[in-house]
Amino acid sequence: MAMTNTSQQDSPFEKPVRVRAGFSLTFEVPYPTPMLFVVQPQERLFPTGTRQRLIAQKPLGAAEGIHTYTDTHGNLVWRTVAQPGEFVIGHDLIAEVERRPDPQLPHLRKMKVEELPDDTLQYLLPSRYVDSDLVSSEAWERFGNIQGGWAQVQAVCDHLFDTCVYGYGSNSTTTASQALASGRAVCRDFAHMGVAFCRALNIPARYVCGYMPDIDYPPDPVPMDFHAWFEAYIDGEWRTFDARHNKPRTGRVLIAQGRDASDVAFTTSFGGAKLVNMKVWADETDFDNTLDVAPNPRIF
């Protein structure tokens, strides 16, 4: 009988998982309206050291043949002029990602400002929704004595998770300090607050958006939406943190990065286009590379 060398077999965490993700947006457009969309993942934005790749992608509706360009943060932007009437645009993809949950590296040190690479310094400054200057005193009072970069950022996430209730109370103009004062937050607010505290503590931090399926977690009955989290620059690399869930998660598919939500808004309209329907999906799939079968999205 042949013997199997179990030491050469992949552990469950080493085996990749395939995620099918995408969206469909429907707008009512009264007149020709220029629009921008930041919605397409790129492999070069995936976190350093992870094994992730895009297997298949397919534009949906008006996404076929639109103009694209890369913005200053490295995000792929779709640019088009929506015509009057019903305008539908979307994207469908399959990505292969590590089954391993978000890395946990509590030993990582905090870098001095003078050690930071030039391109990270912009992520120390206040921005449109990240008014880190207004939370600086609280940041140093609560977290200033904590040693270590990872430990300090994790303490920020623990505090936000414990003191802020998940729920709608903000709008598209809510800043980090306003969300913090209200005590109610959605994922966008949790990300902004985390970034604000990090920047106040001299840790570069940036806002991240993408897809996050419910892999190895019970399915959430709430309709799926794009998800937001943040990355902090610790010990020479960008590290993933998610104050909304505050638990390591599996299967994130990163779409875009920026200073805050203003840099990565999934849609920007230069006119009167009205969003009337939105569908988002992100689920583990058995398909290898086919997008011919229609997805089963949770309707927003």
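Worth knowing before you read on, the calculation uses all heavy atoms, side chains too, and leaves out hydrogens, waters and symmetry mates. We count residues from 1, following the sequence as given.
Using a 4.5 Å heavy-atom cutoff, the side chains of P32 and P84 are in contact. By the 4.5 Å heavy-atom criterion applied to side chains, L254 and V208 are counted as neighbours. Contact of the E115 side chain with the V113 side chain is not registered, since no non-hydrogen atoms from C-beta on lie closer than 4.5 Å. Side-chain atoms of D260 and V195, non-hydrogen and from C-beta on, never get closer than 4.5 Å to each other.
The number of heavy-atom neighbours closer than 6.0 Å to CG of D162, taken from other residues, nucleotides and ligands shown, is above 12. Shown here is R79, whose CZ atom has no more than 12 heavy atoms of other residues, nucleotides or ligands within 6.0 Å.
The backbone N or O of G251 sits nowhere less than 3.5 Å from a side-chain atom of Y211 that would complete a donor-acceptor pair. Remark: side-chain polar atoms of D131 are paired, donor with acceptor, to backbone N or O of S177 under 3.5 angstrom. Within the 3.5 Å criterion, the main-chain N or O of A205 finds a donor-acceptor partner in the side chain of R199. The closest donor-acceptor contact from the side chain of S136 to the backbone of D133 lies at 3.5 Å or more, if one exists at all. Using a distance-only test at 3.5 Å, with no hydrogens or angles considered, no donor-acceptor pair links the side chain of W229 to the main chain of R244. Between the side chain of Q42 and the backbone N or O of G74 there is at least one donor-acceptor pair closer than 3.5 Å. A donor-acceptor contact shorter than 3.5 Å links the side chain of S269 to the backbone of G271.
For the residue pair Q257 and D263, no side-chain donor N or O sits within less than 3.5 Å of a side-chain acceptor on the partner.
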* Asked: Can you check side chain to side chain contact (heavy atoms under 4.5 Å, CB included) on I215 and R99, steps first, answer last?
  -> CA-CA 9 Å; I215 295 178; R99 184 133 210 145; 3.6 Å; yes
* **Intermediate values then yes/no, side chain to side chain contact (heavy atoms under 4.5 Å, CB included), F226 and M278** => CA-CA 10 Å; F226 296 109; M278 176 175 176; 3.6 Å; yes
* side chain to side chain donor-acceptor pair (under 3.5 Å) assessment of Q40 paired with N75 -> CA-CA 8 Å; Q40 182 172 330; N75 306 313; over 6 Å; no
* Asked: Does the pair V29 and Q83 meet the rule for a side chain to side chain contact (heavy atoms under 4.5 Å, CB included), with working shown?
  -> CA-CA 7 Å; V29 183; Q83 297 304 309; over 6 Å; no
* Run the numbers on L180 and E138 for side chain to side chain contact (heavy atoms under 4.5 Å, CB included), then give the verdict. => CA-CA 11 Å; L180 188 65; E138 180 178 353; 3.5 Å; yes
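Here F266 and F37 keep their ring centres 6.0 angstrom or further from each other. The ring of F197 has its center closer than 6.0 angstrom to the ring center of F143.
Ring geometry, H91 versus W78: the interplanar angle exceeds 60°, so the pair is classed perpendicular (tilted spans 30 to 60°). Below 30°, between 30° and 60°, or above 60°: for H245 and H227 the angle between ring planes is between 30° and 60°, a tilted geometry.
Linking Ile, Leu, Val, Met, Phe, Trp and Tyr whenever their side-chain heavy atoms come within less than 4.5 Å puts L108 and F241 in one cluster. Placement of M193 and L201 within a single hydrophobic cluster is found when ILVMFWY residues are connected by side-chain heavy-atom separations under 4.5 Å, directly or transitively. In the hydrophobic clustering of ILVMFWY residues, with side-chain heavy atoms under 4.5 Å counting as a link, V156 and V165 come out apart. L125 and W140 are members of different hydrophobic clusters when ILVMFWY side chains are connected at heavy-atom separations under 4.5 Å. Connection of Y207 to F161 is not established within any shared hydrophobic cluster, with ILVMFWY side chains joined at heavy-atom distances below 4.5 Å, either directly or through further cluster members.
Distance check, rounded to the nearest 0.5 Å: CG of D242 to CZ of F190 gives 9.0 Å. Note that CG of D158 and CG of N246 are 5.0 Å apart. Values are rounded to the nearest 0.5 Å. Taken to the nearest 0.5 Å, the CD1 atom of I89 stands 6.0 Å off from the OG1 atom of T80. How far NZ of K110 is from SG of C198: 9.0 Å, rounded to the nearest 0.5 Å. Atom OH of Y123 and atom OG of S132 lie 14.0 Å apart (nearest 0.5 Å). Rounded to the nearest 0.5 angstrom, D283 CG and R20 CZ are separated by 10.0 Å.
Heavy-atom minimum distance, W238 versus T120: CZ2-CG2, 4.1 Å. Nearest heavy-atom pair, A196 versus A176, reported as atom, atom and distance to 0.1 Å: CB-CB, 3.7 Å. Of all non-hydrogen atoms in Q57 and P41, the two that sit nearest each other are OE1-O, 4.2 Å. When all heavy atoms of F87 and A62 are compared, the closest pair comes out as CE1-CB, 3.4 Å. Across all their heavy atoms, T173 and N171 have their closest contact at OG1-OD1, 2.7 Å. When all heavy atoms are compared, the tightest approach of W281 to M224 is C-SD, 3.7 Å.
Checking each of V276, L275, V88, T33 against F27 for a side-chain contact (heavy atoms from CB on, under 4.5 Å) leaves exactly one that passes, namely L275. For the side-chain hydrogen bond (donor to acceptor under 3.5 Å, both in side chains) test with D102, the passing option among R249, K247, R252 is R252; the others fail. Screening E96, E98, E284 against R18 for a salt bridge (Lys or Arg N to Asp or Glu O under 4.0 Å) leaves a single residue, E96.
Using a cutoff of 4.0 Å between basic side-chain nitrogens and carboxylate oxygens, K58 and D92 are not scored as salt-bridged. Between R206 and E231 a salt bridge is recorded (basic side-chain N to carboxylate O distance below 4.0 Å).
In the hydrophobic clustering, L36 connects to V38, Y69, V77, F270, either directly or through intervening members, whenever side-chain heavy atoms lie under 4.5 Å apart.
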